[in-house]
Amino acid sequence: MTSKPAAAAARATVHGYPRQGQHRELKKAVEGYWKGRVSADALHATAAGLRRAARGQLADAGVDEIPTGDFSYYDHVLDTTVMVGAIPDRHRDAVAADPLDGYFAMARGTQDVAPLEMTKWFDTNYHYLVPELGPDTVFTADSAKQVAELTEAVAQGLTARPVLVGPVTYLLLAKPAPGVAADFEPLTLLDRLLPVYAEVLADLRAAGATWAQVDEPALVQDRTPAELAAAERAYRVLGGLTDRPKLLVASYFDRLGDALPVLAKAPVEGLALDFTGAAAANLDDLAAVGGLPGKRLVAGVVDGRNVWINDLRRSLSTLGTLLGLADRVDVSSSCSLLHVPLDAAAEKDIEPGILRWLAFARQKTTEIVTLARGLAHGTDTIAAALAANRADLTARAASPITRDPAVRARAGSVTVADTRRPQPYAERAAAQRAHLALPPLPTTTIGSFPQTGELRTARADLRAGRIDTARYEERIRAEIREVVAFQERAGLDVLVHGEAERNDMVQYFAEQLTGYLATRHGWVQSYGTRYVRPPILAGDISRPEPMTVRWTTYAQSLTERPVKGMLTGPVTMLAWSFVRDDQPLADTARQVALALRDEVNDLEAAGTSVIQVDEPALRETLPLRAADRPAYLAWATEAFRLTTAGVRAATQIHTHMCYAEFGDIVRAIDDLDADVISLEAARSHMQVARELAAHGYPREAGPGVYDIHSPRVPSAEEAAALLRTGLDAIPADRLWVNPDCGLKTRGWPETRESLHNLVKAAHTVRAELPDH
Ligand code: GLN
Ligand code: ZN
């Protein structure tokens, strides 16, 4: 690390910034517009005010180059679709009639027109709208939004850098439009798309952009030689343009790998690379290609995806190494700060000592500015900040919250035997059959029943002190009575208590586990106007007392039929939280698993014979690079087994996942060693059953026969038809009958009717079984 000033003064920047405002003003304005309560002008004014405030925060913190164009009313990939004119045919009239309403129609659909499909943005919890392209797609440039947002910043006297989704990533994120052959590859449209980017870049230069950032995160995934060649061509073409800003090609979320030499050689003026976590491998890779002579390197050393303070000294040492590898080194976040909440200082409920360990977007911005100053003017100039940072890191490392000796001792003594059920599956299946005595094609649900307005009101009343805990709990018991009575009337075989007491499947457990922190304002955009407040896995995890047992046993006391206990699995507990950065994920997962294992064992001891451990996030946290997947799947499946392996043979372990594409993890699913799995399948018409069978899945499975994502009620005939196709793949003694996810977002009327039809379908098909 140098104390001398760097050759060219390092500058501070960020890749992007949260959009919503401190009080989610954007959500309120957009939803108000949808409901007709906020005019378009008022919405635009709110948005402009939020952008101005965000730029002000960045400028006041000392950021030298401010990103623009990263703001969005809904999603930046949808904004890119508008920018390149790739409006799906079915939305063209609406967009022509009113661009704003047309934009929201693409995002949300209308009564008559389906929205674009939504999917996860790489391995984050942000969701984007999938571009729909085909051989007939005609691209046209619309730089209006980019130019307007740049102009706002320029008018404020700021140095601004427009941020665009890059053409290669845009095409790689796209899918064939409806009616287009499924094997159509959007990347074949690259040569048609590049002139549109050329036009936008020219417009941005004319509007005052010296630099433009072009994001290519798709290049951190495994890419074929053809895809890498496309990236090479894209940046040869864009780099060769004369009328354009300087280009900064940004990658994030992982190392660039094979794409690094491609971009390093491209005729662009700068690269932005992620140097956090696994992406730190970029450092050696960069040295191996001889650095970026003559280019600008924007070094993402402050993690844009977690909530922890940076280790400033370590970052300075990385930056010091990088100084020798590029013409100029600037400091940034590893990715857009969109993925973290805005301001840790707003968290008045978090103990001040712990708050010092946390950095949200505003605090990260300050860290970046500090690092840039240290790099440019020597570490002496940031001595006070370094000392404070050292003290905070030391306090965190030494805190009893971070290190609970009992938790560590227990996690350290886990043996292979703890992670394996003692009996092989076949033996357990026989014991469970004898113990549970269920009919063939047993019926059940995934756990939650409708979360009614009254339940939400009761929870709000409890929080506000309008009712006391006793009143609230009586309200929950009343709901359980109703849910159990309904299921008995409907004739379901394995009942649930309905999850009325749960606000959210992760938060509910996080609130009861020691080591987890909750935030009050820590909102992060999940999609559109939906924001989530992920809890923070801050310390060692333990369970002071049972979390679900009294609700499950209460439900069981009301019925002779088995009531299924319902827990959120360790992988999902991590995936939907902010995780620790001071120990491997596997270690955190193991601690969470041990806490959940106690819950599983307590449920069993209280008389619960069927226990479901939901892992809807198992697949979504799959690492971006195939080479990293086996290690992930190893600890993820181990954590699940550690959670569930402490029960008797006759106790049946279920798991649930909410997706149908699982071909790449079917082995891992088997490795969970659960007795029964329920999956989403209603929409893919039992194809899931066939896939499971094709992969030789030996256990019981319940591919959903009722699509809970829509209010539509499936008829008994329809459900029976699905069941019959399911029976082609999975025999009757291993096929379960259930909806494809929880019912919490559904209303009671359609839930009642649908479950009646589901049970009727099971009865019909049972009667058709040969030995029935
Ligand atoms: N048991 C949960 C429920 O029914 C499962 C939710 C999920 O898979 N996302 O609500
Ligand atoms: Zn689900």
- Plane angle bin for Tyr252 and Trp121 - parallel if under 30°, tilted between 30 and 60°, otherwise perpendicular: tilted
- According to the interplanar angle, ranging from 0 to 90°, do the rings of Phe253 and His339 count as parallel (below 30°), tilted (30 to 60°) or perpendicular (above 60°)? perpendicular
- Item | For the student: nearest non-hydrogen atoms of Asp254 and Ala278, plus distance | OD1-CB, 4.2 Å
- Residue pairs, two or more places apart or on separate chains, that pass salt bridge (Lys or Arg N to Asp or Glu O under 4.0 Å) and touch residues 357-368: Asp343-Arg362
- Message: Tell me the closest heavy-atom pair linking Gly565 and Leu603, and the distance in Å.
- Response: CA-CD1, 4.3 Å
- Between the side chain of Arg255 and the main-chain N/O of Phe275, is any donor-acceptor distance below 3.5 Å? no
- Message: side-chain contact (heavy atoms from CB on, under 4.5 Å) for Phe509 and Val592? Distances and angles first, verdict last.
- Response: CA-CA 10 Å; Phe509 293 96; Val592 174; over 6 Å; no
- Looking only at atom types and distance, does a side-chain atom of His656 sit under 3.5 Å from a main-chain N or O of Ser678, one as donor and one as acceptor? yes
- Should we say atom CZ of Arg466 is surrounded by more than 12 heavy atoms from elsewhere, each under 6.0 Å from it? yes
- Message: What I'd like to find out is whether the side chain of Phe640 reaches to under 4.5 Å of the side chain of Leu618, using heavy atoms alone.
- Response: no
- Between Ala617 and Tyr632, what is the shortest heavy-atom contact and its length? O-OH, 4.1 Å
- Using the side-chain contact (heavy atoms from CB on, under 4.5 Å) rule, take Thr588 and Leu574 through it: C-alpha gap first, then chi angles, then the decisive distance, then the call. CA-CA 8 Å; Thr588 306; Leu574 263 64; 4.1 Å; yes
- Task: Indicate yes or no: at least one non-hydrogen side-chain atom of Ile476 is less than 4.5 angstrom from one of Leu455.
- Result: yes
- Gln512 side chain vs Glu545 backbone, donor-acceptor pair below 3.5 Å: no
- To the nearest 0.5 Å, atom CG of Leu642 lies from atom CG of Leu594 at 4.5 Å
- Looking only at heavy atoms, which two atoms of Glu499 and Gln451 are closest? And how far apart? O-NE2, 3.2 Å
- Taking the side chain as C-beta and beyond, is there a heavy-atom pair between Pro570 and Glu615 under 4.5 Å? yes
- From CG (Asp392) to CD1 (Ile309), nearest 0.5 Å: 4.5 Å
- Can you tell me if Thr444 uses its side chain to pair, donor with acceptor, with the backbone of Val494 under 3.5 Å? yes
- Message: Does Arg625 have more than 12 heavy atoms from other residues, nucleotides or ligands lying within 6.0 Å of its CZ?
- Response: yes
- Query: Would a 4.5 Å heavy-atom cut-off, applied to side chains only, mark Leu633 and Leu622 as touching?
  - Reply: yes
- Query: Would you say the side-chain atoms of Glu599 and Thr548 include a donor-acceptor pair closer than 3.5 Å?
  - Reply: yes
- Output yes when a side-chain donor or acceptor of Gln432 lies under 3.5 Å from a complementary backbone atom of Ala429, and no otherwise. no
- By side-chain hydrogen bond (donor to acceptor under 3.5 Å, both in side chains), Arg550 pairs with (sequence neighbours left out) Glu473
- Query: Does the Asp284 side chain pair with the main chain of Ala281, one donor and one acceptor, at a distance under 3.5 Å?
  - Reply: no
- Query: So, Arg580 side chain and Leu537 main chain: donor-acceptor pair closer than 3.5 Å or not?
  - Reply: no
- Item | Spatial distance of atom CG (Asp614) from atom SG (Cys741) [nearest 0.5 Å] | 8.0 Å
- Message: Distance check, rounded to the nearest 0.5 Å: Arg420 atom CZ versus Thr644 atom OG1?
- Response: 10.5 Å
- Message: What's the separation between atom OH in Tyr531 and atom CZ in Arg19, rounded to the nearest 0.5 Å?
- Response: 7.5 Å
- Message: What's the separation between atom CG in Leu495 and atom CG in Leu558, rounded to the nearest 0.5 Å?
- Response: 10.0 Å
- Message: Using a strict threshold of under 4.0 Å (side-chain N to carboxylate O), is an ion pair present between Asp311 and Arg396?
- Response: no
- Check Asn738 against Gly702 and note the closest heavy-atom contact, atom names and distance. ND2-O, 2.9 Å
- Message: Less than 6.0 angstrom from the centroid, inside 45 degrees of the normal: does Arg502 satisfy that with respect to the ring of Trp551?
- Response: no
- Item | With Asp675, the salt bridge (Lys or Arg N to Asp or Glu O under 4.0 Å) member among Arg648, Arg699, Arg421, Lys564 | Arg421
- Message: Going by the rule salt bridge (charged side-chain N to carboxylate O under 4.0 Å, His left out), which residues pair with Glu638 if we only count those two or more places apart in sequence or in a different chain?
- Response: Arg590
- Message: If you define the side chain from C-beta out and look only at heavy atoms, does anything of Ser336 sit under 4.5 Å from Tyr126?
- Response: no
- Message: Please check: side-chain N/O of Thr402 versus main-chain N/O of Ala398, any donor-acceptor pairing under 3.5 Å?
- Response: no
- Query: Do any N or O atoms from the side chain of Asp671 and from the backbone of Thr637 form a donor-acceptor pair under 3.5 angstrom?
  - Reply: no
- The single option from Val331, Val301, Asn310, Val63 that satisfies side-chain contact (heavy atoms from CB on, under 4.5 Å) with Ile368 is Val331
- Query: Taking 4.0 angstrom as the limit, do Arg408 and Asp540 come out as a salt bridge?
  - Reply: yes
- Message: Regarding Asp602 and Arg543, does a basic nitrogen lie under 4.0 Å from an acidic carboxylate oxygen?
- Response: yes
- Item | Salt bridge Asp673-Arg641, side-chain N to carboxylate O under 4.0 Å | no
- Derivation and outcome, side-chain contact (heavy atoms from CB on, under 4.5 Å), residues Leu386 and Leu316: CA-CA 10 Å; Leu386 287 177; Leu316 279 170; 3.9 Å; yes
- Sidechain-backbone polar pair: Thr318 side chain, Arg314 backbone, donor-acceptor under 3.5 Å: yes
- Does the side chain of Trp308 come within less than 4.5 Å of Leu358's, by heavy atoms? yes
- Where do Asp418 and Arg410 land on the salt bridge (charged side-chain N to carboxylate O under 4.0 Å, His left out) test, with the steps shown first? CA-CA 11 Å; Asp418 295 332; Arg410 187 173 175 210; over 6 Å; no
- Determine the minimum heavy-atom distance between Gly515 and Ile541, stating which atoms define it. C-CD1, 3.8 Å
- Is any side-chain heavy atom of Thr124 less than 4.5 Å from a side-chain heavy atom of Leu338? no
- Is there a side-chain contact (heavy atoms from CB on, under 4.5 Å) between Gln221 and Phe122 once you walk through the steps? CA-CA 9 Å; Gln221 294 172 301; Phe122 300 91; 3.4 Å; yes
- Message: Is there a side-chain contact between Met573 and Leu513 in this structure, where contact means two heavy atoms from C-beta onward sitting under 4.5 Å apart?
- Response: yes
